[in-house]
Amino acid sequence: MKHIVANLVTAALAEHPELASAAADLAIETTVERTRDASHGDFASNIAMRLAKAARRNPRDIAGDIVAAVGSNEQIEKVEIAGPGFINFYLSPSAFHAELRAVLDQGQAYGRQARKDAPKILLEFVSANPTGPLHVGHGRLAAYGATVGNLLEAAGYPVHREYYVNDAGRQMDILGASVWLRWLEASGIEIPFPEAGYRGDYIQDIAAEIDVSGLELPKQGDVLDGLPVQETKEDAEPYVDALIAKAKSLHGDDGFEQVRQQSLESIRAGIEDDLAKFGVTFDKWYSEQSLTTSGRIDDALAVLEERGMLYKKDGATWFPAMKFGDEKDRVVVRENGIRTYFASDIAYHFDKRERGFDHLIDILGADHHGYTARVRAGLEAMGYKGDDLEVELVQFVSLFRDGSKIPMTTRGGQFVTLRQLCAEVGNDAARFYYVMRSNDQHLDFDLDVATSQSNDNPVFYIQYAHARITRVFRKAVELDLPLDKKNGLANLGQLLTPQEKSLMSAMSRYPEIIELAARNRAPQTLVHYLRDLVADFHSSYNADKVLGDDAGLRDARLTLYAAVKIVVANGLAILGVSAPEEM
RNA sequence: GCGCCCGUAGCUCAGUUGGAUAGAGCACCAGAUUCCUAAUUUGGGGGCCACAGGUUCGAAUCCUGUCGGGCGCGCCA
């Protein structure tokens with residue numbers, strides 16, 4: 001709807017070339033805003049004030065010229081100049097009626113923009129290491145990423161969703177060793193479990209389910225033979241490394257690989273399952289191991305080499321990240337010949353661009369903010385723009401129950417899993433609460449509120465509006481007063497109460513909200529909007545009876561509610577929250 | 001020490017990228033249903049937008065500094 005006013009302003013400016021040229025580098029869309037206050041009309045433009053300096057004229061005079069040039073228009077009721085030079089636009093009822101009709105005509109497509117060809121966006125999110133089940137912190141990454149993906153798609157962008165599986169490196173060896181030890185343990189062979197190993201119960205489960213055919217059960221003495229002791233904290237890392245080496249020597253690299261691969265695949269599949277149940281799916285699960293087998297790391301390193309972006313020092317190969325604004329240079333190949341995680345990381349982002357994605361969005365936990373500079377540096381060194389990579393950081397989550405914080409440590413395996421959370425509060429509440437706050441705001445997730453079936457709970461508040469409208473339509477049929485849509489559309493002029501006007505206005509904002517929320521990667525904008533929209537609905541519902549005797553008014557109100565229902569359902573769908581017919 | 005994020009009502013948080021008198025929920029106080037779902041609604045009190053400067057027609061928003069909180073700063077992943 002905003003474009004109506006923006007177009008009028010553009011047209012008016014065209015009649016004043018000196019103003020138009022001053023405004024040339026201004027996006028008129030951004031000078032037109034919804035008003036905060038109904039007494040200022042429906043839309044306001046601050047363009048006169050923005051142009052005042054360049055045009056060397058009084059803003060109110062400029063506004064006067066623009067208003068005169070706007071003239072009269074059937075979609076505009078009146079235009080006023082207010083305050084220091086605001087131009088306030090009051091839209092005519094017919095403009096709102098036309099928008100209401102658009103909602104009904106477009107249905108699920110309302111608020112969605114036509115598909116654009118570019119930029120092609122690669123959205124990477126969650127990407128938790130496959131060393132254990134997802135916890136509530138990952139849940140926020142999942143909910144946020146999925147919703148941002150939905151918003152971007154609604155805004156018309158092609159979005160490819162990807163999960164980067166860190167299935168290479170030492171952590172995977174530690175995982176394999178942990179499972180291996182639990183297998184031995186279950187077979188009666190007791191070996192001191194490493195402090196640095198994975199201690200969660202799920203490790204035992206994996207040990208019990210994996211295929212160990214072809215692996216010969218070792219003797220306890222052979223395992224213990226030559227193993228260092230684990231007494232102090234400093235012993236932890238050498239001890240676990242010795243265990244990995246021992247497993248490899250007893251079963252061969254292939255034998256250990258058998259345990260390791262099954263372990264990580266079991267966990268990865270569990271993660272995929274948890275996410276799918278949470279309504280979060282990916283187009284691709286991108287394996288870090290595959291970067292090595294496909295030669296992509298070699299390719300990326302070769303590109304850097306060619307461009308003179310590598311140097312040797314202390315036996316290692318370095319990337320001069322400082323040249324590109326990073327704090328320090330980074331090692332890509334260690335002294336021992338093994339590539340660093342950073343090498344895979346730049347190779348992965350290189351590959352993303354090489355696959356034809358124009359804009360890369362990484363959604364990361366707030367503790368990863370240090371990576372942005374170095375990965376951007378890598379992209380730049382390989383000939384791409386650092387700005388091609390956008391990083392959205394998501395702050396941490398604290399769970400509260402009975403008013404106090406639930407302690408969580410990832411190391412000790414003391415954490416609430418995403419699965420447990422969903423079981424307790426349900427998917428709808430979880431998805432909603434995760435994106436209710438700005439991603440750069442620390443999130444306090446109150447389990448008591450999320451589970452309460454009361455007016456404290458904003459999820460139910462919004463869902464209830466949807467159910468309530470559904471109910472009214474059912475009731476209308478029961479009373480033999482079904483909606484006559486044609487009659488409703490013909491009588492929209494009867495929607496005159498302040499509540500109805502406010503509701504129509506709020507509804508017409510929806511496409512602008514989607515656009516804004518997508519641009520800012522800000523799902524909370526949509527959450528707050530839906531709450532406001534639904535508040536207007538409840539208010540209207542409470543003030544005036546719908547199923548009255550006047551058929552024209554009744555059908556008009558039902559028509560309005562039908563449209564509101566569509567908008568609420570569309571908004572909830574983007575959030576990944578269900579729109580129930582009944583509650 | 002350096003870097004990133006945050007600081008707005010008693011609590012939890014929005015604030016349309018610089019706009020008009022700073023908003024919402026919860027909590028607190030007082031009302032509304034012979035009627036479509038009261039999981040609803042109407043009204044009220046409550047603020048040095050952490051603090052101090054600066055930029056300009058205009059600042060919660062941008063810049064600088066200070067204070068306070070969170071998180072990073074490996075040839076770990």
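Letters A, B, ... mirror the listed sequences (proteins, then strands); counts begin at 1.
Taking atom P on both nucleotides, A14(B) is separated from C62(B) by 15 Å, rounded to a whole Å. A gap of 28 Å separates the C1' atoms of C71(B) and A59(B), to the nearest Å. When the C1' atom is compared between G10(B) and G46(B), the two are found 9 Å apart, to the nearest whole Å. Rounded to whole Å, the separation between the P atoms of G23(B) and G47(B) comes to 14 Å. Nucleotides U8(B) and A60(B) place their C1' atoms 7 Å apart, quoted to the nearest Å. Comparing the same atom, C1', in U17(B) and in C76(B) gives a spacing of 38 Å after rounding to whole Å. Atom name C1', nucleotides C5(B) and A50(B): the rounded distance is 16 Å, in whole Å. Rounded to a whole angstrom, the distance from the C1' atom of G58(B) to that of U66(B) is 26 Å.
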Response to the item:
Pairs under 3.5 Å (Watson-Crick or G-U), crossing ones as [ ], inter-strand ones as |: RNA chain B comes out as (((((((..((((.....[...)))).(((((.......))))).....(((((..]....))))))))))))....
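Nearest to the side-chain atoms of R531(A) among the listed nucleotides A38(B), A24(B), G15(B) stands A24(B). The side chain of V331(A) has C75(B) as its nearest neighbour among A20(B), C76(B), C75(B). Ranking A20(B), A39(B), U42(B) by closeness to the M583(A) side chain, first place goes to A39(B). The listed nucleotides are C36(B), A14(B), C75(B); the one nearest the side chain of A316(A) is C75(B).
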Listing, residues 470-480 of chain A side-chain donor-acceptor contacts under 3.5 Å, not counting sequence neighbours, or none:
from, atom 1, to, atom 2, distance (Å)
T470(A), OG1, H466(A), O, 2.7
T470(A), OG1, K565(A), NZ, 3.4

For a quick test of your reading: what N or O donor-acceptor pairs under 3.5 Å do the side chains of residues 539-552 of chain A make, sequence neighbours left out?
from, atom 1, to, atom 2, distance (Å)
S540(A), OG, Y561(A), OH, 3.4
D550(A), OD1, G552(A), N, 2.9
D550(A), OD1, L553(A), N, 3.1

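Cation-pi check for R531(A) over Y461(A) is met; the charged atom lies under 6.0 angstrom from the ring centroid and within 45 degrees of its normal.
The side chain of S539(A) places an N or O atom within less than 4.0 Å of a non-bridging phosphate oxygen (OP1 or OP2) of U42(B). Between R36(A) and the phosphate of A20(B), there is a side-chain N or O to OP1/OP2 separation shorter than 4.0 Å.
Salt-bridge formation is detected for the pair R339(A)/D298(A): a Lys NZ or Arg NE/NH1/NH2 atom is positioned less than 4.0 Å from an Asp or Glu carboxylate oxygen. Between D446(A) and R401(A) there is no salt bridge, since none of the side-chain N atoms of the basic residue sits less than 4.0 Å from a carboxylate O of the acidic one. Salt bridge status for R170(A) with D241(A): present, with a side-chain N to carboxylate O gap under 4.0 Å. Between R521(A) and E390(A) there is a salt bridge, since a side-chain N of the basic residue sits under 4.0 Å from a carboxylate O of the acidic one.
Shown here are the side-chain contact (heavy atoms from CB on, under 4.5 Å) partners of A242(A), two or more places apart in sequence or in another chain: L227(A), P228(A).
Rounded to whole Å, the distance from CG on N542(A) to P on G43(B) is 11 Å.
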Response to the item:
In B/S/- notation (B base, S sugar-phosphate only, - none; protein heavy atoms under 4.0 Å), nucleotides 69-74 of chain B written 5' to 3' is --BSSS
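Take the nearest nucleotide of RNA chain B for S45(A) and for H538(A): the residue whose nucleotide is more 5' is S45(A).
Within a heavy-atom distance below 4.0 Å of RNA chain B, the residues of residues 335-347 of chain A found are E335(A), Y341(A).
We find that the ring of F86(A) and the base of A20(B) stack, their centres lying under 5.5 angstrom apart and their planes tilted less than 30°.
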